[in-house]
Amino acid sequence: DAGVIQSPRHEVTEMGQEVTLRCKPISGHNSLFWYRQTMMRGLELLIYFNNNVPIDDSGMPEDRFSAKMPNASFSTLKIQPSEPRDSAVYFCASSLRREGGNEQFFGPGTRLTVL
Amino acid sequence: GNSVTQMEGPVTLSEEAFLTINCTYTATGYPSLFWYVQYPGEGLQLLLKATKADDKGSNKGFEATYRKETTSFHLEKGSVQVSDSAVYFCALFSGGYNKLIFGAGTRLAVHP
(Lines give C-alpha, C1' and ligand atoms only; values in the text may rest on other atoms or scores of the structure.)
Protein backbone atom coordinates (compact mmCIF):
# COMPACT_ATOMS: atom_id res chain seq x y z
CA ASP A 1 0.00 0.00 0.00
CA ALA A 2 1.31 3.42 -0.90
CA GLY A 3 2.05 5.74 1.96
CA VAL A 4 1.17 9.40 2.15
CA ILE A 5 1.98 11.03 -1.16
CA GLN A 6 3.06 14.65 -1.41
CA SER A 7 3.80 16.75 -4.44
CA PRO A 8 5.90 18.43 -5.47
CA ARG A 9 8.92 17.18 -3.52
CA HIS A 10 10.77 20.40 -4.15
CA GLU A 11 9.47 23.83 -5.05
CA VAL A 12 11.45 26.97 -5.73
CA THR A 13 9.51 30.13 -6.33
CA GLU A 14 9.88 33.86 -6.14
CA MET A 15 8.45 36.09 -3.49
CA GLY A 16 4.87 37.08 -4.24
CA GLN A 17 4.02 33.98 -6.22
CA GLU A 18 1.27 31.55 -5.28
CA VAL A 19 2.37 28.13 -4.08
CA THR A 20 0.16 25.05 -3.85
CA LEU A 21 1.26 21.93 -2.04
CA ARG A 22 -0.64 18.68 -2.50
CA CYS A 23 -1.26 15.65 -0.36
CA LYS A 24 -2.89 12.28 -0.86
CA PRO A 25 -3.47 10.52 2.48
CA ILE A 26 -3.45 6.81 3.03
CA SER A 27 -6.68 5.23 1.85
CA GLY A 28 -9.12 4.72 4.72
CA HIS A 29 -7.56 7.28 7.01
CA ASN A 30 -9.95 9.90 8.34
CA SER A 31 -7.58 12.49 9.81
CA LEU A 32 -5.11 14.64 7.92
CA PHE A 33 -2.48 16.99 9.27
CA TRP A 34 -0.27 19.68 7.74
CA TYR A 35 3.03 20.48 9.47
CA ARG A 36 5.85 22.89 8.80
CA GLN A 37 9.44 22.22 9.84
CA THR A 38 12.26 24.73 10.07
CA MET A 39 15.53 24.83 11.93
CA MET A 40 14.43 27.84 13.94
CA ARG A 41 10.93 26.77 14.94
CA GLY A 42 11.10 23.00 14.68
CA LEU A 43 7.97 21.03 13.79
CA GLU A 44 4.75 23.06 13.85
CA LEU A 45 1.21 21.81 13.33
CA LEU A 46 -0.52 24.15 10.92
CA ILE A 47 -3.98 22.62 10.55
CA TYR A 48 -5.74 19.32 10.78
CA PHE A 49 -8.89 17.78 9.35
CA ASN A 50 -11.20 15.06 10.59
CA ASN A 51 -13.48 13.52 7.97
CA ASN A 52 -12.53 16.32 5.56
CA VAL A 53 -13.61 19.04 8.00
CA PRO A 54 -11.01 21.50 9.36
CA ILE A 55 -10.92 21.07 13.14
CA ASP A 56 -8.10 23.30 14.28
CA ASP A 57 -6.34 25.88 12.13
CA SER A 58 -4.82 27.84 15.01
CA GLY A 59 -1.35 26.99 13.76
CA MET A 60 -1.82 28.64 10.38
CA PRO A 61 0.58 31.57 10.57
CA GLU A 62 -1.52 34.16 8.76
CA ASP A 63 -4.16 34.76 6.16
CA ARG A 64 -1.75 34.08 3.36
CA PHE A 65 -2.05 30.40 4.23
CA SER A 66 -5.12 28.35 3.41
CA ALA A 67 -5.87 24.63 3.33
CA LYS A 68 -8.65 22.60 1.81
CA MET A 69 -9.74 18.99 1.79
CA PRO A 70 -12.40 18.60 -0.88
CA ASN A 71 -12.57 14.83 -0.44
CA ALA A 72 -11.10 12.02 1.63
CA SER A 73 -8.23 11.42 -0.77
CA PHE A 74 -6.87 14.88 -1.43
CA SER A 75 -5.79 18.01 0.39
CA THR A 76 -4.01 21.21 -0.59
CA LEU A 77 -2.06 23.83 1.31
CA LYS A 78 -1.84 27.16 -0.48
CA ILE A 79 0.35 30.15 0.23
CA GLN A 80 -0.58 33.37 -1.53
CA PRO A 81 1.49 35.49 -1.76
CA SER A 82 4.58 33.61 -0.70
CA GLU A 83 7.41 35.22 1.26
CA PRO A 84 11.02 34.16 1.91
CA ARG A 85 10.19 33.37 5.54
CA ASP A 86 7.81 30.67 4.31
CA SER A 87 10.80 28.62 3.19
CA ALA A 88 10.56 25.32 5.06
CA VAL A 89 9.77 21.65 4.66
CA TYR A 90 6.03 21.03 4.70
CA PHE A 91 4.79 17.63 5.78
CA CYS A 92 1.42 16.05 5.38
CA ALA A 93 0.41 13.20 7.69
CA SER A 94 -2.66 11.02 7.97
CA SER A 95 -4.10 8.73 10.60
CA LEU A 96 -7.08 6.62 11.47
CA ARG A 97 -8.79 8.03 14.52
CA ARG A 98 -9.24 5.35 17.15
CA GLU A 99 -8.89 4.65 20.85
CA GLY A 100 -5.44 4.16 22.29
CA GLY A 101 -3.67 6.70 20.24
CA ASN A 102 -3.28 7.58 16.65
CA GLU A 103 -0.18 6.61 14.75
CA GLN A 104 0.38 9.33 12.24
CA PHE A 105 1.95 8.39 8.92
CA PHE A 106 4.03 11.13 7.42
CA GLY A 107 4.70 11.88 3.80
CA PRO A 108 8.20 12.60 2.50
CA GLY A 109 7.63 16.34 2.65
CA THR A 110 7.80 19.24 0.22
CA ARG A 111 10.87 21.42 0.49
CA LEU A 112 9.79 24.98 -0.33
CA THR A 113 12.27 27.71 -1.13
CA VAL A 114 10.96 31.23 -1.64
CA LEU A 115 13.55 33.56 -3.15
CA GLY B 1 -2.28 22.48 28.53
CA ASN B 2 -0.62 19.35 27.27
CA SER B 3 3.09 19.56 26.51
CA VAL B 4 6.20 17.48 25.92
CA THR B 5 9.73 18.40 26.96
CA GLN B 6 12.78 16.68 25.51
CA MET B 7 16.43 17.01 26.34
CA GLU B 8 18.22 19.37 24.03
CA GLY B 9 20.62 18.06 21.48
CA PRO B 10 22.66 17.36 19.69
CA VAL B 11 23.64 14.14 21.37
CA THR B 12 26.92 12.83 20.01
CA LEU B 13 27.97 9.25 20.72
CA SER B 14 30.46 6.70 19.52
CA GLU B 15 29.21 3.51 17.95
CA GLU B 16 28.12 0.88 20.52
CA ALA B 17 27.59 3.47 23.25
CA PHE B 18 24.49 3.50 25.45
CA LEU B 19 21.82 6.01 24.53
CA THR B 20 19.31 7.82 26.69
CA ILE B 21 17.10 10.64 25.44
CA ASN B 22 14.94 12.12 28.16
CA CYS B 23 11.29 12.98 27.65
CA THR B 24 8.79 14.29 30.19
CA TYR B 25 5.23 15.30 29.63
CA THR B 26 2.40 17.33 31.10
CA ALA B 27 -1.12 16.13 30.42
CA THR B 28 -4.47 15.48 32.01
CA GLY B 29 -5.60 11.91 32.20
CA TYR B 30 -3.62 9.04 30.76
CA PRO B 31 -2.22 9.95 27.36
CA SER B 32 -0.66 7.53 24.92
CA LEU B 33 3.03 8.21 24.38
CA PHE B 34 5.12 7.87 21.25
CA TRP B 35 8.65 8.13 19.92
CA TYR B 36 9.06 9.11 16.30
CA VAL B 37 12.30 9.13 14.33
CA GLN B 38 13.23 11.31 11.36
CA TYR B 39 16.13 10.21 9.19
CA PRO B 40 17.83 12.83 7.02
CA GLY B 41 15.67 13.96 4.13
CA GLU B 42 12.64 11.95 5.23
CA GLY B 43 9.38 12.41 7.09
CA LEU B 44 8.81 11.23 10.63
CA GLN B 45 8.05 7.58 11.25
CA LEU B 46 6.79 5.83 14.34
CA LEU B 47 9.53 4.12 16.34
CA LEU B 48 7.57 2.84 19.33
CA LYS B 49 4.61 3.63 21.53
CA ALA B 50 3.00 2.88 24.92
CA THR B 51 -0.64 3.36 25.73
CA LYS B 52 -0.82 2.95 29.51
CA ALA B 53 1.28 3.26 32.63
CA ASP B 54 4.17 0.78 32.99
CA ASP B 55 3.87 -0.28 29.36
CA LYS B 56 7.20 -0.72 27.60
CA GLY B 57 7.39 0.06 23.91
CA SER B 58 10.23 -1.45 21.92
CA ASN B 59 11.46 -1.58 18.34
CA LYS B 60 14.81 -1.94 16.55
CA GLY B 61 16.63 -2.25 19.89
CA PHE B 62 15.08 0.94 21.27
CA GLU B 63 12.95 0.87 24.40
CA ALA B 64 10.89 3.32 26.41
CA THR B 65 8.79 2.74 29.53
CA TYR B 66 5.71 4.79 30.37
CA ARG B 67 6.32 6.10 33.91
CA LYS B 68 3.24 7.82 35.24
CA GLU B 69 4.76 8.62 38.62
CA THR B 70 7.52 10.66 37.01
CA THR B 71 5.53 11.61 33.88
CA SER B 72 8.40 10.38 31.74
CA PHE B 73 8.99 8.27 28.64
CA HIS B 74 12.76 8.15 28.19
CA LEU B 75 14.18 6.51 25.08
CA GLU B 76 17.05 4.05 25.52
CA LYS B 77 19.20 1.83 23.39
CA GLY B 78 21.98 -0.35 24.64
CA SER B 79 24.32 -0.10 21.68
CA VAL B 80 23.84 2.56 19.04
CA GLN B 81 24.93 2.29 15.42
CA VAL B 82 25.91 4.91 12.89
CA SER B 83 22.62 4.21 11.13
CA ASP B 84 20.73 5.43 14.23
CA SER B 85 21.83 8.98 13.48
CA ALA B 86 18.57 10.91 13.16
CA VAL B 87 16.26 13.30 14.97
CA TYR B 88 14.05 11.72 17.64
CA PHE B 89 10.70 13.19 18.66
CA CYS B 90 8.72 12.36 21.76
CA ALA B 91 4.95 12.88 21.45
CA LEU B 92 1.72 12.39 23.34
CA PHE B 93 -1.84 11.79 22.22
CA SER B 94 -4.50 13.02 24.55
CA GLY B 95 -7.54 11.61 22.84
CA GLY B 96 -9.92 14.48 23.04
CA TYR B 97 -8.18 16.56 20.44
CA ASN B 98 -7.18 13.78 18.05
CA LYS B 99 -3.76 15.22 17.49
CA LEU B 100 -0.24 14.53 18.64
CA ILE B 101 1.71 16.98 20.74
CA PHE B 102 5.38 16.77 19.73
CA GLY B 103 8.49 17.69 21.63
CA ALA B 104 11.15 19.84 20.00
CA GLY B 105 13.16 16.85 18.81
CA THR B 106 16.65 15.65 19.77
CA ARG B 107 19.31 15.21 17.13
CA LEU B 108 21.52 12.14 17.59
CA ALA B 109 24.84 11.78 15.81
CA VAL B 110 26.68 8.48 16.08
CA HIS B 111 30.31 8.30 14.97
CA PRO B 112 32.26 5.16 14.06
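The chains referred to below are lettered A, B, ... by the order of the sequence lines, with proteins before strands, and numbering in each begins at 1.
- Only the side chain of A:Gln37 comes within contact range of chain B, judged by heavy atoms closer than 4.5 Å.
- Hydrophobic clustering, with ILVMFWY side chains joined whenever heavy atoms are under 4.5 angstrom apart, keeps B:Val4 apart from A:Phe106.
- Following chains of ILVMFWY side-chain contacts shorter than 4.5 Å, one can reach B:Trp35 starting from B:Val80, so the two form part of one hydrophobic cluster.
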- Message: Please determine whether side chain to side chain contact (heavy atoms under 4.5 Å, CB included) holds for the pair A:Phe33 and B:Lys99, giving the CA-CA distance in whole Å, both sets of side-chain angles, and the decisive distance to 0.1 Å.
- Response: CA-CA 9 Å; A:Phe33 307 81; B:Lys99 65 180 182 181; 4.0 Å; yes

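- Looking at B:Glu42, only its backbone comes within 4.5 Å of chain A, counting heavy atoms on both sides.
- Residues A:Glu103 and B:Phe93 form no side-chain contact, since every pair of their non-hydrogen atoms from C-beta on lies 4.5 Å or further apart.
- If you measure heavy-atom distances from B:Tyr36 to chain A, the contacts under 4.5 Å come from the side chain alone.
- There is a path of hydrophobic side-chain contacts, each under 4.5 Å, that joins A:Leu32 to A:Tyr90.
- A single hydrophobic cluster is seen to contain both B:Leu13 and B:Ile21, as judged by linkage of ILVMFWY side chains at heavy-atom distances under 4.5 Å, directly or through other members.
- Residue A:Gln104 is tested with B:Leu44, B:Leu100, B:Leu46 for a side chain to side chain contact (heavy atoms under 4.5 Å, CB included); the sole match is B:Leu100.
- B:Leu47 and B:Val110 fall within a single hydrophobic cluster, where Ile, Leu, Val, Met, Phe, Trp and Tyr are joined by side-chain heavy atoms under 4.5 Å apart, directly or via other members.
- Within 6.0 Å of CD in B:Gln81 there are more than 12 heavy atoms belonging to other residues, nucleotides or ligands.
- Interface remark: A:Phe91 contributes side-chain atoms only to the contact with chain B (heavy atom separation under 4.5 Å).
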